[in-house]
Amino acid sequence: MALFRLVFASDFHGSDLVFRKFLRTVELYQAQALLIGGDLTGKALVPIVRRNGTYEAELAGVRHIARTTSELRQLEQLIANVGYYPRVMDAEEVGALAGDPAALEALFRSCIQSQIEHWLELAADYLRHRGVRLCVIPGNDDPPFIDTLLRSAGDPIVFADGQCLPLADGTYTVVGLGVSNPTPWNCPRDWTEERIEETLRRLLSHVPDPHSAILLVHVPPYDSGLDLAPVLDEQLRIRYAGGQVLLQPVGSRAVRAIIEQFQPLLGLHGHIHESPGFRRIGQTLCVNMGSEYGEGILRAAVINLEGRRIKGYLPATG
Amino acid sequence: MTAVPRLFVRQSSGLVRTISAFGAMVFGVHCISLSSSGLIPFSWVASVWPGASIIGVLTVAMLLGLFHAYSYAAIGSAMPRSGADYVLGSRVLHPTLAFAASWVLGIFSGIVAGGLIAWIPGTALPTLARTIGIIFENQAAVDFASWSASSTGILVIGTICVLVTWMTMLLPTQRIVRILEVGFFLGVAAWIVIFIVLATAPGPSAFQEAWDRFMGTGSYASRIDLAVQAGMEYSPNVVIMTLAGLIMGFWIYYGYYIPTFFAGEVKDTQRNLLIGAWSSLLVTWAIFSFANILLERLVPLKWIAAEGYLYNNTETFAMPWITFYASILAPNPLVVGLITLAWIYTLINLAQTYFFYTSRIIFSWAFDRIIPSGVAHVHPRWGSPVVAVSIIALLAWVGVIDAATRGILATQLHFVFFAVITQLVPVLALTLLPFLKPQLWATAPRIVRAKVGPIPVITLVGGITLVYLVWMIVASFLFPAVGGGIGMGTLAVFAVLFLIGAAVQRIARWYRLRQEGIDLAWTFREIPPV
């Protein structure tokens, strides 16, 4: 029976370095498919202030100064590598932006669009001649407008959100859903548990053999060990007890119920960066590789499939 | 002029890691141990190097510890996950070498946890029971002390303590942390009581009277002569003090850096690992040093050295414990009871920290799939790693048996030697990181990337730490009183453990490749961006 190898990772949050490392896994591990579990977009924008012919920015508390165009490019890359959007502007523009939420939102949109388009182009160039498909779903932190960009990318990039897609000539079916259950941040793709369960149930009803399904769902199953996150108070501050952070499972009960009932081959998840691991729920291997995008570290899972079984798996971090 | 924003953040989710700087400090303090390490400076340091300033030794050891602590904080920051030392060594040097070193450290840490637990019936309980027996004229307590220190006593009480530690480690992490925090405050409270007792004693004559009252008339005045007759050579010497500090650093302060082993659970690693390690070093240094200042107000250093010398080198009945000194000065049940409770409680805490960090080392092996992932199974209801903790409990029990039978491992004494050799691998990896993995170094946190002129700080500090570690290995042979008299048996145990570790890694790689089509070497490979 033929071996099929896929590489899965999630939650790049705008880190250019992590995305480019992820593409490289095709070559390193001879992967036949890449899957991304959402949260592609960055969370913050770093202004590079143009002043008297130099460019200044502060990143993680460190002040950087670029004096030449080449140094400016390096600075932009450094910022992009850790998941922030670099943007050159004057001090006055920075000040104006701080008082204009609409302009700031427009700027974020522009940065996100520019990076996603660049990534899609890079991925298409790199994967097309290697015959490798890239299945991608968004995450709860991704603004809805990126769906259009991902959907229109075309082969070899496949937008899997709300879809059932054949993989390995139909041996497997990727069932994608790029959402999470409600979070304290009211993100664009926070769904109710009922809606998640109803949607997954509907999608799986189209899969002839659910045991061959690969569930590509952003939020991990509830109380799976892949979903431990800090307890927050009403002001979204982390709750401590005796100097220690309190943790609780925050995954989706709907995803757990669906996995317990349908027992798909694989559950591929992201969302909770602090809770990486491989866990079995019945026969289903559930994976959350976590994320260290801020450190420019890729956390991926290499998974070998053979027929209706998982032959082997390995975390790859680098 | 208004400040220009340096960062714009859009609405999105954001969660963080868990263990705080305070949490890291509590783990560090418990692994150093307010109880066992609290006794060593006055009972052991003073007697091994009679004349060496105790505060001098504590300070030299603490200062060297700061370099070592920086190295381990950088290791945890470079690889912020469970078993950071193994992860860094495997990625930078060689996976087999790093795993073998980690294997030895993990297995031996489990056994040492047993050695430390055996210290409860072997030394701590007899000390405390004798104190109660002497002060309250209770023969049953004295008899219990003798039985507790016997092979049978160590085996029975040690086994019970292993079971207690094992059961507490099955509790959810938050409960364990709470238990440790209670121990931290209890231990500090006991030291404050000791401070108050020592500080409020009128002067040397009060101590002399108290000593003679409980240990026999004229006993105090005879101790120095007895020790000198037994061979004690008193030599106040700065070189000796420094030398002692170089060696005793590990003994007294071992444990300040253990949060590096569970760096994956520490938030803002580069800040909290360093703060946790340095603050646990400074807190324990301050406590032990202040206690020494107060003690030397009442008793001359030569007398402290003599009492320790008599205990460690002769059959003379001696009680060189600071807890005993405080108890005879304030012989009331509340003081003695609080000190006894705090000492036993924090000794269990000490074993718990070993169980905790060793379980995280085992986690990292399982995460890399070198050992079956079932070993890292987390109980769905308790949220604790039941299999890993049970394995460590078994290893600890081996340590108790070894201690009870005075076996070949002499785990506590040899731990410096074993731990230091295994630490050469991650520290060497850290030192060479900028040259062997420049890209990894360039994208690492500030504590790893920092430079002094053209030289990376980690290379500089790592180099100093390496020299320190090599000296520790040499010193283990030069000073048998500290190194435990390492013989061929111990070396053979180390070599066999190391080779087993190397074999486990190689066999696991072969097995995964053959059975699963997965090459474990992939997990150690650098992933260059396209």
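Chain letters run A, B, ... following the sequence lines, proteins first and then strands; every chain starts at 1.
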Asks: Counting only heavy atoms closer than 4.5 Å, note whether B:Leu440 contacts chain A via side chain, backbone, both or neither.
Replies: neither
Asks: Distance only, no hydrogens: is a donor on one side chain within 3.5 Å (strictly under) of an acceptor on the other, for A:His273 and A:Asp11?
Replies: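 Yes, side-chain donor-acceptor contact under 3.5 Å.
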Asks: Just by distance, with hydrogens left out, do A:Asp227 and A:Ser275 show a side-chain donor and acceptor under 3.5 Å apart?
Replies: no
Asks: For the interface with chain B, which of A:Leu28, A:Leu78, A:Asp16, A:Leu23 has the highest count of heavy-atom pairs at distances below 4.5 Å?
Replies: A:Leu28
Asks: With a 4.5 angstrom heavy-atom cut-off, is it the side chain or the backbone of A:Ile310 that approaches chain B, or both, or neither?
Replies: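 Contact with chain B: none, neither part.
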Asks: Let me know if A:Ile297 has heavy atoms under 4.5 Å from chain B in its side chain, its backbone, both or neither.
Replies: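 For A:Ile297, side-chain heavy atoms alone lie under 4.5 Å from chain B.
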Asks: Would you mind checking which part of A:Arg280 comes under 4.5 Å of any heavy atom in chain B, side chain (CB onward), backbone (N, CA, C, O), both or neither?
Replies: neither
Asks: Only counting residues at least two apart or in another chain, list the ones meeting ring-ring contact (aromatic ring centres under 6.0 Å, His included) with A:Phe22.
Replies: A:Phe12
Asks: Under 3.5 Å, is there a donor-acceptor pair linking the side chains of B:Tyr86 and B:Asp368?
Replies: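 There is such a pair between these side chains.
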Asks: Report yes if some heavy atom in the side chain of B:Ser77 is under 4.5 Å from a heavy atom in the side chain of B:Pro445; otherwise report no.
Replies: yes
Asks: What part of A:Phe19 gets closer than 4.5 Å to chain B, counting heavy atoms only: side chain, backbone, both or neither?
Replies: neither
Asks: Do the side-chain N and O atoms of B:Thr96 and B:Arg506 include a donor-acceptor pair separated by under 3.5 angstrom?
Replies: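 The answer is yes; a qualifying pair exists.
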Asks: Can you say whether A:Tyr126 sits under 4.5 Å from chain B via the side chain, the backbone, both, or neither, judging by heavy atoms?
Replies: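 For A:Tyr126, the contact with chain B is made by the side chain alone.
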Asks: Measure A:Arg279 against the heavy atoms of chain B and call it side chain, backbone, both or neither at under 4.5 Å.
Replies: side chain
Asks: Between B:Glu516, B:Arg91, B:Met79, which residue shows the highest count of heavy-atom pairs closer than 4.5 Å to chain A?
Replies: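 That would be B:Glu516.
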Asks: Has A:Glu105 got more than 12 heavy atoms of other residues, nucleotides or ligands less than 6.0 Å from its CD?
Replies: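 No, CD of A:Glu105 has 12 or fewer neighbouring heavy atoms, counting only those of other groups under 6.0 Å.
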Asks: Go through the atoms of B:Arg512 and report whether side chain, backbone, both or neither lie under 4.5 Å from a heavy atom of chain A.
Replies: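 It is neither, since no heavy atom gets under 4.5 Å.
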